[in-house]
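Inspection log for the structure reproduced underneath, given as structure tokens.
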Amino acid sequence: MNVGFLGLGVMGRPMALRLARSGTPLVVWNRTAARSGPLRAAGAEVAADPGEVFARADVVFLMLADESAVDAVLGRRSAAFAPRVAGRTVVHMGTTSPAYSRALEQEIRAAGGRYVEAPVSGSRVPAENGELVAMLAGQDDAVETVRPLLAPLCRQTFVCGPAPSALLMKLSVNLFLITLVTGLTEAYHFAERQGLDRRLFLEVLGAGPMASAVSRMKAPKLLAGDFSVQAAARDVLKNNRLIAEAARGSGTASPLLDACHALFEETVSLGHGGEDMVAVLRALEARTAAG
């Protein structure tokens with residue numbers, strides 16, 4: 001089965017590299033062509049444009065930044081759309097609104113294609129190590145086609161039912177992630193302001209029952225002031241907005257999320273949107289400085 005992969009960003013490139021290195025017949029495309037170099041070196045074919053990927057692949061993975069990027073590569077609302085998706089399985093791996101995904105599935109199926117949601121939980125390092133967790137939604141036959149293809153990328157996959165169940169699951173998981181990392185960062189800021197040894201604080205935290213894979217990944221970044229991106233603050237803010245919209249739409253209270261939403265808006269407005277989500281520390285520091 002020939003596989004296409006569109007979108008070689010922070011997450012997409014390591015994911016596509018794992019597919020290529022596993023021997024999956026792969027054709028890739030990225031808007032910034034230079035990012036395709038490592039894929040070519042790993043044995044993937046590099047397409048000149050998205051249309052070529054669809055012409056050559058049976059299953060096409062989309063790991064794109066937002067809804068407008070997905071629409072652009074699909075040629076949605078243009079004459080190119082139906083020929084691209086007909087007879088192919090389109091796998092939407094990015095994080096968009098559930099309503100957008102539901103409408104996209106309807107259009108792809110009407111054009112003779114199949115559609116699978118496959119958002120993943122995990123950041124750049126798990127993507128590099130093949131330790132992502134995938135959530136799948138769609139028609140059963142399409143999901144079963146896609147699921148084995150994810151083996152090089154994921155340590156576990158979960159079938160969530162019809163779309164947009166996978167995206168709703170991803171938003172639920174991300175709500176916990178956002179509040180967890182924000183809480184860790186606030187605790188770190190509090191300990192520092194009390195004059196405690198920051199390294200000792202993190203060692204105590206790491207020895208206790210609150211320690212997790214997330215805290216073990218983020219604690220060294222806080223201690224070193226290393227805000228190199230694993231999950232960008234700008235992307236966290238986008239996720240926060242999507243979760244908030246879904247919460248409002250269902251009449252669900254989300255007070256912790258709302259507090260994080262404000263902090264990540266401040267983080268981005270302070271110029272730290274391209275840094276890792278632990279850069280929310282800068283928003284906390286700014287609030288402390290303002291009294």
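Because the structure is a prediction, the values reported are computed rather than measured. The figures here come from the full heavy-atom set of this structure, side chains too, leaving out hydrogens, waters and symmetry mates.
Annotation: side chain of Val280 is not in contact with side chain of Val181 (no heavy-atom distance under 4.5 Å). Pro164 has its side chain within reach of Glu117: a pair of non-hydrogen atoms, C-beta onward, lies under 4.5 Å apart. Leu150 is listed as a side-chain neighbour of Phe61, based on a closest heavy-atom distance under 4.5 Å. The shortest side-chain heavy-atom distance between Leu153 and Val120 does not fall under the 4.5 Å cut-off. When side chains are defined from C-beta on, Leu177 does not count as touching Val173, because their heavy atoms never get closer than 4.5 Å.
The structure places CZ of Arg114 at 10.0 Å from CG of Asp58, a figure rounded to the nearest 0.5 Å. Here the CZ atom belonging to Arg76 is positioned 11.0 Å from the OG atom belonging to Ser78, to the nearest 0.5 angstrom. A distance of 6.0 Å separates CG in Leu74 from CG in Leu104, rounded to the nearest 0.5 Å. Between the OG1 atom of Thr267 and the CE atom of Met277 there is a distance of 10.0 Å, given to the nearest 0.5 Å. If you take CD1 on Ile243 and OG1 on Thr252, they are separated by 12.0 Å, rounding to the nearest 0.5 Å.
Tracing side-chain contacts under 4.5 Å through hydrophobic residues (I, L, V, M, F, W, Y), one reaches Val214 starting from Leu205; they form part of the same cluster. If you chain together hydrophobic residues whose side chains sit under 4.5 Å apart, Met63 and Val116 fall into the same group. When the side chains of ILVMFWY residues are joined at heavy-atom separations under 4.5 Å, either directly or via intervening members, Phe5 and Met11 end up in a single hydrophobic cluster. Hydrophobic clustering (ILVMFWY, side-chain heavy atoms < 4.5 Å, transitive): Leu168 and Leu242 are in distinct clusters.
Salt bridge status for Glu192 with Arg198: present, with a side-chain N to carboxylate O gap under 4.0 Å. Taking a cutoff of 4.0 Å between a charged side-chain nitrogen and a carboxylate oxygen, Glu266 and Arg287 qualify as a salt bridge. In summary, Glu105 and Arg102 do not engage in a salt bridge, as defined by a charged side-chain N under 4.0 Å from a carboxylate O. A salt bridge links Glu128 to Arg124: one of the charged nitrogens lies within less than 4.0 Å of a carboxylate oxygen.
Ser254 and Arg248 are linked by a side-chain donor-acceptor pair at a separation below 3.5 angstrom, with hydrogens and angles left out of the test. Between the side chains of Tyr100 and Asp66, no donor-acceptor pair is found at a separation under 3.5 Å.
Using cut-offs of 30° and 60° on the angle between ring planes, the pair Tyr115 and His92 is tilted.
Of all the heavy atoms in Asp226 and Val278, the pair that sits closest is O-CG2, 4.4 Å. Summarising the geometry of Pro152 relative to Ser22, their closest heavy-atom pair is CG-OG, 3.6 Å, with the distance given to 0.1 Å.
The backbone N or O of Val73 lies less than 3.5 Å from a partner atom in the side chain of Arg84, making a donor-acceptor pair.
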